[in-house]
Amino acid sequence: MFSTIKMAIAIMLITGIAGAGVYVMKLRADNATLKANQIKLETAVEEQNKVLEQQKKDFTAILESNKKLNTLINTFKKDLQDLDKRFTKKNRDIGKLALERTKAIERIVNGGGKNASRCIELASGAEHTEAELKATLKSQINPECPSLANPNYVPFQ
Amino acid sequence: MYHFNKILAVAFIVLLTGCSIGGEKKIKIFSVEEPRQKLNYPMPTPLQMEEIYWHIITSENAEEVFKKLEEAGIDPVLFGITDKDYQVLARNFAQIRQKLQETNNLLEEYKKYYEDTGNSQ
């Protein structure tokens, strides 16, 4: 009788210990999973922050680039208007002028052609000369494309 | 007592093996991002324009101009445009130059955006 009770107690004790062991193991596994989840979440948040930061940087870069291109296109419009003005300013008729002052107009046309060729070279990526960079006066600039040829020239408004 | 010891031994073994459950090492798989190779084309070589000479011919100086050409050993023939067409030509030239500048600028901006800010795709 006594040994049966002892055995029952022992079995209960062992079952209890085993149950506790399994329970502790489950807790440990849960803990490990939670830890892994926490690390994953932290990494995800960090990555999201990085993505947001990069998006912000990209947006600024795109805005800046757009602004630059818009300025360039406005400069183009102004250059074309200036070119038209040179031909038609004060009802100027270049044909009539050429009849009256043939040699002078020939000189001007050839000078203009040379300047226009230089503008194409610069537009295709040629390096500026020192004189082009230093030009600040109207008499020193390339009037065909001052914004391109003479970056330091500020036209008088 | 004998039974008790036996049961204790079994329980001890169960406990020991229980500790090894879930103890296997897991294979860790991680990926390393290999950045795409840069294209690195050099920028187009700048143009070198050749010089041309414009002759202005009127009804008055035509003979003189042709005579000078002959004296210089050049065929006395000229390909002419009117003053209005000259204006158009100047405008066309300006537009071509602007397009060239715009394209080069775009190229630089693309290069800057995708290479400087690390937005390689």
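In what follows, every chain begins at residue 1, and chains take the letters A, B, ... in the order their sequences are listed.
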Side chain, backbone, both or neither: which part of [X] has a heavy atom under 4.5 Å from chain B?
{"X": "A/Leu72", "value": "side chain"}
{"X": "A/Ile14", "value": "side chain"}
{"X": "A/Leu80", "value": "both"}
{"X": "A/Leu83", "value": "side chain"}
{"X": "A/Leu97", "value": "neither"}
{"X": "A/Ala29", "value": "neither"}

Check whether [X] and [Y] end up in the same hydrophobic cluster, where Ile, Leu, Val, Met, Phe, Trp and Tyr are linked by side-chain heavy atoms less than 4.5 Å apart.
{"X": "A/Leu133", "Y": "A/Ile141", "answer": "no"}
{"X": "B/Ile52", "Y": "A/Val109", "answer": "yes"}
{"X": "A/Ile62", "Y": "B/Tyr110", "answer": "yes"}
{"X": "B/Val88", "Y": "A/Ile108", "answer": "no"}

Give, for atom [atom1] of [X] and atom [atom2] of [Y], the distance between the pair rounded to the nearest 0.5 Å.
{"X": "A/Lys68", "Y": "B/Asn105", "atom1": "NZ", "atom2": "CG", "value": "7.0 Å"}
{"X": "A/Asp58", "Y": "B/Tyr114", "atom1": "CG", "atom2": "OH", "value": "9.0 Å"}
{"X": "A/Ile120", "Y": "B/Gln98", "atom1": "CD1", "atom2": "CD", "value": "10.5 Å"}
{"X": "B/His55", "Y": "A/Thr102", "atom1": "NE2", "atom2": "OG1", "value": "14.0 Å"}
{"X": "B/Ile56", "Y": "A/Ile94", "atom1": "CD1", "atom2": "CD1", "value": "7.0 Å"}
{"X": "B/Ile7", "Y": "A/Lys6", "atom1": "CD1", "atom2": "NZ", "value": "10.0 Å"}

Between [X] and [Y], is there a donor-acceptor pair closer than 3.5 Å when you use the side chain of the first and the backbone of the second?
{"X": "A/Ser124", "Y": "B/Leu47", "answer": "yes"}
{"X": "B/Asn104", "Y": "A/Ala123", "answer": "yes"}
{"X": "B/Gln87", "Y": "A/Asp84", "answer": "no"}

Checking heavy-atom separations under 4.5 Å from chain A, one finds in residues 62-77 of chain B B/Lys68

| said: Taking the basic N atoms (NZ, or NE/NH1/NH2) and the acidic carboxylate oxygens, is any pair closer than 4.0 Å for A/Lys96 and B/Asp83? | reply: no

| query | Is the number of heavy atoms from other residues, nucleotides or ligands under 6.0 Å of A/Arg92 CZ greater than 12? | reply | yes

inquiry  = Take a 6.0 Å sphere around NZ of A/Lys114 and say whether it holds more than 12 heavy atoms from other residues, nucleotides or ligands.
reply    = no

Ranked by heavy-atom pairs below 4.5 Å to chain B, first place among A/Ala10, A/Cys119, A/Gly113, A/Ala98 goes to A/Cys119

Ranked by heavy-atom pairs below 4.5 Å to chain B, first place among A/Cys145, A/Gly21, A/Ala32 goes to A/Cys145

If one checks every heavy atom of B/Ile96 against chain A at 4.5 Å, the contacting part turns out to be neither

The interface call for B/Glu51 against chain A, heavy-atom contacts under 4.5 Å, is side chain

Would you sort out whether B/Met49 and A/Arg118 count as a side chain to side chain contact (heavy atoms under 4.5 Å, CB included), showing the intermediate values? CA-CA 7 Å; B/Met49 307 297 282; A/Arg118 179 62 189 152; over 6 Å; no

In terms of heavy-atom pairs under 4.5 Å with chain A, the winner among B/Arg91, B/Glu109, B/Lys84 is B/Arg91

Comparing B/Thr58, B/Asn61, B/Leu8, B/Leu100 against chain A, the one with the most heavy-atom pairs below 4.5 Å turns out to be B/Leu100

- Message: Pair B/Tyr53, A/Glu106 - check side chain to side chain contact (heavy atoms under 4.5 Å, CB included), show working.
- Response: CA-CA 9 Å; B/Tyr53 189 85; A/Glu106 191 170 279; 2.6 Å; yes

task: Output, in order, the C-alpha distance, side-chain angles, deciding distance and verdict of side chain to side chain contact (heavy atoms under 4.5 Å, CB included) for B/Arg97 and A/Leu148.
output: CA-CA 10 Å; B/Arg97 184 247 302 160; A/Leu148 172 67; 4.1 Å; yes

Which is it for A/Phe76 and B/Gln95 under the side chain to side chain contact (heavy atoms under 4.5 Å, CB included) test, yes or no, and what are the steps along the way? CA-CA 8 Å; A/Phe76 288 164; B/Gln95 286 187 81; over 6 Å; no

